[in-house]
Amino acid sequence: MKVDGTSPGLLLVLSAPSGAGKTTLARLFVAQHPEACFSVSATTRTPRGAEREGVDYHFVTREQFAELVARDAFAEWADVHGQRYGTLRSTVEESLAAGRIAVFDIDVQGGAQVKARWPEQAVTVFVLPPSLEELERRLRARSTDADAAIARRLGAARSEIDRGLAQYDYVLVNDDLATARRQLEAIVAHERARLAGRRDERARQIAESLQRSRVDAGRWLR
Ligand code: ADP
Ligand code: 5GP
């Protein structure tokens, strides 16, 4: 789809317990869609691994973050794992005006705020790992966090899953990455067709099977 300011913009919110693979999915999606852009958040945490300023995050001090809050510069912000993270309002407004797909890698508190502000344009997708054991394995394999940080992230996984399964539009299990990627493509194709008043029958079928109400949440809420 072309970007000409007349295509309907989409706010694609991806949330997940840390380690489920939402950043991997978000980056893959953006790499394959010229009309998509990754929403770069501001955070008070320090860079991890090969993360770069302005690409992965805008790394700011607590004072700078507080100043942005005071100026009402954020579309949403939240405290996550003891650090602050926020999406700048200008990022959302510019991508909607350009008819782009803005991809957000944000937590469930932020996702709920984006959905409440832009209920028509925002599509919320909750990414689950195939199991909690696999989640821990991925967090350790990523090896960018200290043991204490991994324990904190695993401890927070349960409440993140509860909220995601209660509130999000779609639920996607990231077991095989290629399958999860195709499912995400179908959700976006279906939602873009909806906003443009078209129908994409194949995408609709896949997307509907991933709607939260269709997913067996039981095994995750034990
Ligand atoms: P998140 O952004 O949700 O915290 P990441 O995208 O950083 O998660 O993924 C966590 C780790 O799991 C990374 O090392 C990533 O390469 C790996 N990973 C992501 N998706 C899959 C998958 N489908 N199968 C196996 N490993 C995966
Ligand atoms: P990480 O430190 O692993 O990059 O991110 C920790 C958590 O913060 C993840 O769940 C991530 O999605 C979330 N996060 C990143 N940026 C934002 C943001 O701008 N707003 C909110 N609410 N959460 C964010």
Side-chain angles (χ1 to χ4, degrees), residues 1-16 18 22-127 160 163-164 167-170 184-185 187-189 191-192 194-196:
M1 183 137 358
K2 62 191 187 301
V3 181
D4 57 7
T6 59
S7 307
L10 189 74
L11 307 176
L12 177 62
V13 174
L14 294 180
S15 301
S18 189
K22 67 190 171 307
T23 309
T24 306
L25 276 167
R27 294 291 182 187
L28 276 172
F29 185 88
V30 169
Q32 283 172 347
H33 291 265
E35 76 278 28
C37 57
F38 185 75
S39 166
V40 180
S41 300
T43 182
T44 56
R45 83 151 163 78
T46 49
R48 204 165 60 197
E51 286 180 337
R52 284 174 297 157
E53 162 61 32
V55 176
D56 299 283
Y57 281 108
H58 299 295
F59 296 99
V60 298
T61 61
R62 286 205 161 247
E63 292 69 32
Q64 288 168 326
F65 197 98
E67 204 176 295
L68 289 166
V69 173
R71 278 203 273 130
D72 198 23
F74 287 118
E76 63 77 29
W77 69 272
D79 247 296
V80 189
H81 311 315
Q83 297 291 341
R84 294 205 163 155
Y85 297 81
T87 306
L88 291 169
R89 243 178 333 132
S90 54
T91 307
V92 181
E93 284 160 5
E94 282 162 22
S95 70
L96 281 179
R100 288 181 173 280
I101 304 172
V103 183
F104 300 82
D105 173 343
I106 63 179
D107 87 322
V108 284
Q109 307 172 73
Q113 293 177 57
V114 172
K115 186 77 184 178
R117 266 196 183 196
W118 292 276
E120 264 296 291
Q121 296 98 329
V123 177
T124 52
V125 180
F126 193 70
V127 180
E160 187 86 1
R163 285 191 68 174
Q167 296 173 0
Y168 272 45
D169 298 323
Y170 295 98
L184 186 60
E185 295 281 346
I187 291 169
V188 173
E191 292 290 342
R192 282 209 114 185
R194 175 185 63 81
L195 283 170

Student: Mind checking what makes side chain to side chain donor-acceptor pair (under 3.5 Å) contact with Q83, not counting sequence neighbours?
Tutor: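 With neighbours one apart ignored, the set is T44.
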Student: Under the side chain to side chain donor-acceptor pair (under 3.5 Å) rule, collect the residues that match up with S95, sequence neighbours excluded.
Tutor: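 S95 satisfies side chain to side chain donor-acceptor pair (under 3.5 Å) with no residue once adjacent residues are dropped.
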Student: Are L10 and E191 close enough that some pair of their side-chain heavy atoms sits under 4.5 Å apart?
Tutor: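 The answer is yes; the side chains approach within 4.5 Å.
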Student: If you compare all heavy atoms of S41 against all heavy atoms of T87, which two are closest, and at what distance to 0.1 Å?
Tutor: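 Looks like OG-OG1, 4.2 Å.
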Student: Just to verify, what does Y168 make a ring-ring contact (aromatic ring centres under 6.0 Å, His included) with, not counting sequence neighbours?
Tutor: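 In terms of ring-ring contact (aromatic ring centres under 6.0 Å, His included), with neighbours along the sequence ignored, Y168 is linked to F126.
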Student: May I have all residue pairs that pass ring-ring contact (aromatic ring centres under 6.0 Å, His included) and include part of residues 82-125, sequence neighbours excluded?
Tutor: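 The answer is Y57-Y85.
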Student: So which pairs with a foot in residues 33-56 pass ring-ring contact (aromatic ring centres under 6.0 Å, His included), sequence neighbours left out?
Tutor: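 Passing the test, one end in residues 33-56: F29-H33.
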Student: Please enumerate all residues that pass side chain to side chain contact (heavy atoms under 4.5 Å, CB included) together with E53, with sequence neighbours excluded.
Tutor: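 For E53, the residues satisfying side chain to side chain contact (heavy atoms under 4.5 Å, CB included) (neighbours in sequence not counted) are H58, F59.
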Student: Compare every heavy atom of C37 with every heavy atom of R100, then report the nearest pair and how far apart it is.
Tutor: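 For R100 and C37, the tightest heavy-atom pair comes out as CD-SG, 3.9 Å.
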Student: Kindly give the heavy-atom pair with the smallest separation between L195 and G9, and that separation in Å.
Tutor: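 What the structure gives for the nearest pair is CD1-O, 3.7 Å.
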Student: Search all heavy atoms of V30 against all heavy atoms of A36 and return the closest pair with its distance.
Tutor: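 Heavy atoms only, the tightest pair is CG1-O, 4.0 Å.
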Student: Quick one: does E35's side chain have a donor or acceptor within less than 3.5 Å of a partner on G99's backbone?
Tutor: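 Not a single qualifying donor-acceptor pair exists.
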Student: Who are the salt bridge (charged side-chain N to carboxylate O under 4.0 Å, His left out) partners of R84, not counting sequence neighbours?
Tutor: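 Residues passing salt bridge (charged side-chain N to carboxylate O under 4.0 Å, His left out) with R84: D79.
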Student: Under the side chain to side chain contact (heavy atoms under 4.5 Å, CB included) rule, collect the residues that match up with T91, sequence neighbours excluded.
Tutor: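 Once residues adjacent in sequence are excluded, the partners of T91 under the side chain to side chain contact (heavy atoms under 4.5 Å, CB included) criterion are S39, L88.
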Student: A side-chain contact here means heavy atoms from C-beta on lying under 4.5 Å apart; do V125 and L25 qualify?
Tutor: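 They are not in side-chain contact.
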Student: May I have all residue pairs that pass salt bridge (charged side-chain N to carboxylate O under 4.0 Å, His left out) and include part of residues 57-76, sequence neighbours excluded?
Tutor: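 Of all non-adjacent pairs touching residues 57-76, those that pass salt bridge (charged side-chain N to carboxylate O under 4.0 Å, His left out) are D72-R89.
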Student: Partners of D56 by side chain to side chain donor-acceptor pair (under 3.5 Å), sequence neighbours excluded?
Tutor: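 Per chain and number, D56 pairs via side chain to side chain donor-acceptor pair (under 3.5 Å) with R27.
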Student: According to side chain to side chain contact (heavy atoms under 4.5 Å, CB included), who are the partners of A66, at least two apart in sequence or on a separate chain?
Tutor: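 Once residues adjacent in sequence are excluded, A66 has no partner under the side chain to side chain contact (heavy atoms under 4.5 Å, CB included) criterion.
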Student: Quick one: does S15's side chain get under 4.5 Å of T124's, heavy atoms only?
Tutor: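 No, too far: nothing below the 4.5 Å cut-off.
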Student: So do the side chains of R192 and I101 get within less than 4.5 Å of each other, counting heavy atoms only?
Tutor: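 Touching, per the 4.5 Å side-chain cut-off.
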Student: Determine, step by step, whether L14 and L184 satisfy the side chain to side chain contact (heavy atoms under 4.5 Å, CB included) criterion, reporting the C-alpha distance in whole Å, the side-chain angles of both residues, the deciding distance to 0.1 Å, and the verdict.
Tutor: CA-CA 10 Å; L14 294 180; L184 186 60; 3.9 Å; yes
Student: Can you name the side chain to side chain donor-acceptor pair (under 3.5 Å) partners of Q109, sequence neighbours left out?
Tutor: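 Result, side chain to side chain donor-acceptor pair (under 3.5 Å) vs Q109: D107.
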Student: Where the side chain of K115 meets the backbone of A122, is there a donor-acceptor pair that is under 3.5 Å apart?
Tutor: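 Such a contact is found between K115 side chain and A122 backbone.
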